[in-house]
Amino acid sequence: MLRDLPPKARWYTISVIAAGGFTFALLVPRATLTPFTPLVVLMLLSSLTSAFKVHFPIASGVTMSVSYVVDIASLILYGPHATMIVGALSGWAQSTFNTPRKNPPVRLLFNMASLALTVQVAGQVFQRLGGSRDAHVGSLIVPLAAMALTYFFANTVFIAGAVALSTNQSPWRIWKTDFASSAPSYLLGAVSAAAVIAVSESSGYWLTLLLTAAPLYMTFKLYRAGKATEARQGAILEAAHDAIITIDQHLHIREFNPAAEQMFGGERMNMLGRNFDLLLPPAQRETQRQALSQYMTRGEGPLGRRQLELTGLRADGTEFPIDVTVARIGSETRSEMTIFVRDITERRALEEQLRQSQKLEAIGRLAGGVAHDFNNILMSIMGSADLLLMELAGEAPARDEATEIKQSVERGAALTRQLLAFSRRQPTRAKLFTLGDVVGGLETMLRRLIGPEIEFELVRQAEPTTVMADPAQMEQVVLNLVINARDAMPKGGRLTVRVDEIDIDETAAIALVEGRAGRYARLSVSDTGTGIDEQTRARLFEPFFTTKEHGKGTGLGLSIVYGIVKQSAGYISVVSEPGRGATFIIYLPAKMAPEAATVPA
């Protein structure tokens, strides 16, 4: 614990512990401990009320610590030396019992030392101003008030200093914001202690204990109810998946839950006290600071009753989209704001996927309609070209032109088939076949296609991998992927085509095959080429998108591959990094079939 503190906080803590221990060891031996029984009662009462943090409600939102009243009563009856024992026991009980988690020893010693020093200083002021147990009531007003204010300043300054130095905040701002308003309760507590002592001495200690038992029990019940509410709120903060951040009037962070730590990459202790705008990119800070200040002071502005989509900034400098909702709490003089932050990176990705799917569907419908109409026109031209060829003699000058027309029509028909394949409207001849045999039948052609400068390897497993699809379309898929791989290796490299069969469980299925677990035939084409960056991968299967030079690619190759794979109830993924090649992996549902179902290539 001590090693985790900033250097200033570490030395401050050590100094307070050392000062408290030295003062305790020096002055307690000089204390007057008689009568002993009332002192023991005060020790037990202070420890119990500290352990359960029992408070008397004074006014709306203001309470008075019962353990403080006991400390003041002990100072009046026994003086500062003996009361150091009461204060040390109070600090020990407060840090040991009824705490959500065990406090480290350094915090326990700090609380004991700070309370021992507080009661010693307050008691010395009381005695120096003429205060004593036997003094007249009228002469106790000034010493009692001075003792209460001294106790208030000493106790709160110790705590504010520890919090500020541990969280890199201003001690003055911490004290002013969290402690300054509680001064009246200390004065009232001192008056209450003097009144209890007066009643006890006139009526006896047992009657006093009897009269105070009922209100003490009621305040304990109120405390337990408040602790239950606080525990529920703490559990919500701990379990929430959204970041929950509380900021004060100066936009400094006062609460930072575990989800916020995970989302923004900063530890809670390092974030407390820092300005909220460090969680926003520099370009947005001034605008959002003004909006937060306007909503904090007047409850108006762009943040009022709205959800805003902003950009967050992680500790490592990366930006990400966030959804922000704010709630203003507290009074006009002292207000705070709770900010609920949700990381919407995944939602943005899903929205982009939906837009991409809708765009591809629209282009597919358009391409399918155009292809059908264009194909009808081509068939008319093809028929006319055939009639011309029939009428022209073998050596007629126009025969070559008619043949060229027919060949151009055939090339146009091939283009319409590609468009229909992309739009998934090309009639397919699905049948059971062994995927490895079809790919193996292309080996000779593939080797000639890629050239001798590229090392080619075809890997097939021994057992037949049977799928239900159109063999001709699978050949087209392999050809397109191999051509792309060849173009990505202009200086040569290694190209591997692999066919195997795998079982995909539910966990892997979410990432690979849209959540459909089962047995799949896997066709992968890997190269050692230039690779594909993230921006290009996002648009890889868009129709007419190409990174090749003008005139060297139509941008339909991979979109056609995508259409054929989807038409065959399959899935396709890409693994690539710039400079490290690319691997296209196709998953097709594996089918059980006899060996006779294989189709020769």
If I compare all heavy atoms of Leu313 with all of Leu278, which pair ends up nearest, and what's the gap? CD2-O, 3.9 Å
Heavy-atom check, side chain of Thr311 versus side chain of Ile322, under 4.5 Å: no
For Gln284, is there any backbone N or O sitting under 3.5 Å from a side-chain donor or acceptor partner on Thr287? no
Measuring from Leu117:CG to Met84:CE, what's the distance to the nearest 0.5 Å? 6.0 Å
Neighbour count above 12 (heavy atom, 6.0 Å) for Arg537 CZ: yes
Checking side-chain polar atoms at under 3.5 Å, does Asp505 have a donor or acceptor matched by the opposite partner on Thr507? no
With heavy-atom distances below 4.5 Å as the criterion, would you say the side chains of Ile244 and Glu255 are in contact? no
Say you draw a straight line from CG of Leu26 to CD of Gln120; how long is it, rounded to the nearest 0.5 Å? 9.0 Å
Measure from the side-chain N and O atoms of Ser182 to the backbone N and O of Phe179, and report whether any donor-acceptor pair falls under 3.5 Å. yes
Polar side-chain atom of Thr13 near backbone of Ala9 as donor-acceptor pair, under 3.5 Å: yes
Check whether any side-chain N or O of Tyr151 sits under 3.5 Å from a backbone N or O of Tyr186 as a donor-acceptor pair, and report yes or no. no
Let's go through Ser185 and Phe152 carefully: what are the C-alpha distance in whole Å and the side-chain angles of both, what is the deciding distance for side-chain contact (heavy atoms from CB on, under 4.5 Å) to 0.1 Å, and is it a yes or a no? CA-CA 9 Å; Ser185 65; Phe152 160 67; over 6 Å; no
Donor-acceptor pair, distance only, cut-off 3.5 Å: does the side chain of Ser95 make one with the backbone of Gly91? yes
Can you list the steps and then say if Phe264 with Phe320 is a ring pair (Phe, Tyr, Trp, His ring centres under 6.0 Å)? CA-CA 10 Å; Phe264 291 96; Phe320 65 105; 5.7 Å; yes
Does the side chain of Phe584 come within less than 4.5 Å of Val575's, by heavy atoms? no
Looking at every heavy atom in both Asp71 and Ser46, which two are closest together, and how far apart are they? OD1-OG, 3.3 Å
Backbone N/O of Leu280 and side chain of Arg285: donor-acceptor pair under 3.5 Å: yes
OG (Ser90) and CE (Met43) are apart, to the nearest 0.5 Å, by 12.0 Å
Does the distance from a Lys or Arg side-chain N to an Asp or Glu carboxylate O, for Asp343 and Arg314, drop under 4.0 Å? yes
Assess the side chains of Ser47 and Trp92: does a donor N or O sit below 3.5 Å from an acceptor N or O? no
Between Thr536 and Asp533: side-chain donor-acceptor atoms closer than 3.5 Å: yes
Pairwise distance CD(Glu346) to CD1(Ile344) - rounded to 0.5 angstrom: 11.5 Å
Side chains of Asp277 and Leu251: does their closest heavy-atom pair fall under 4.5 Å? no
Using a 4.5 Å cut-off on heavy atoms from C-beta on, say whether the side chain of Thr246 contacts that of Met337. no
Salt-bridge test for Arg342 and Glu309: reply yes if a basic N is under 4.0 Å from a carboxylate O, no otherwise. no
Check the orientation of Phe110 and Phe158. Use parallel for under 30°, tilted for 30 to 60°, and perpendicular for over 60°. perpendicular
Is there a side-chain contact between Val574 and Thr583 (heavy atoms, below 4.5 Å)? no
Check whether any side-chain heavy atom of Arg580 lies under 4.5 Å from a side-chain heavy atom of Thr528, and answer yes or no. no
With no hydrogens and no angle check, do the side chains of Ser67 and Thr49 hold a donor and an acceptor under 3.5 Å apart? no
Heavy-atom pair of closest approach, residues Ala145 and Leu187: O-CD2, 3.9 Å
Under 3.5 Å, is there a donor-acceptor pair between the side chain of Arg522 and the main chain of Ile585? no
The test is side-chain contact (heavy atoms from CB on, under 4.5 Å); show your working for Phe24 and Ile85 and say whether it passes. CA-CA 8 Å; Phe24 189 91; Ile85 303 175; 4.2 Å; yes
Evaluate Phe126 against Leu75 for side-chain contact (heavy atoms from CB on, under 4.5 Å), listing each step before the verdict. CA-CA 8 Å; Phe126 179 72; Leu75 284 171; 5.7 Å; no
Would you name the heavy atoms of Leu42 and Val86 that are closest together and state the gap between them? O-CG1, 4.1 Å
Counting neighbours of CD on Glu286 that are heavy atoms of other residues, nucleotides or ligands and sit closer than 6.0 Å, is the number greater than 12? yes
Determine yes or no for a side-chain-to-main-chain donor-acceptor pair under 3.5 angstrom, with Asn257 supplying the side chain and Asp242 the backbone. yes
Minimal non-hydrogen separation, Ala190 against Leu144, with atom names: O-CD2, 3.7 Å
Nearest heavy-atom contact between Pro143 and Leu129 is CG-O, 3.4 Å
Measure the shortest side-chain to side-chain distance between Ile339 and Phe276 over non-hydrogen atoms and say whether it is less than 4.5 angstrom. yes
Backbone of Val125 reached by a side-chain donor or acceptor of Thr150 within 3.5 Å: no
Using the rule given for side-chain contact (heavy atoms from CB on, under 4.5 Å), can you reason through Val341 versus Asp323, listing the C-alpha separation, both sets of side-chain angles and the distance that settles it, and then say yes or no? CA-CA 6 Å; Val341 184; Asp323 184 276; over 6 Å; no
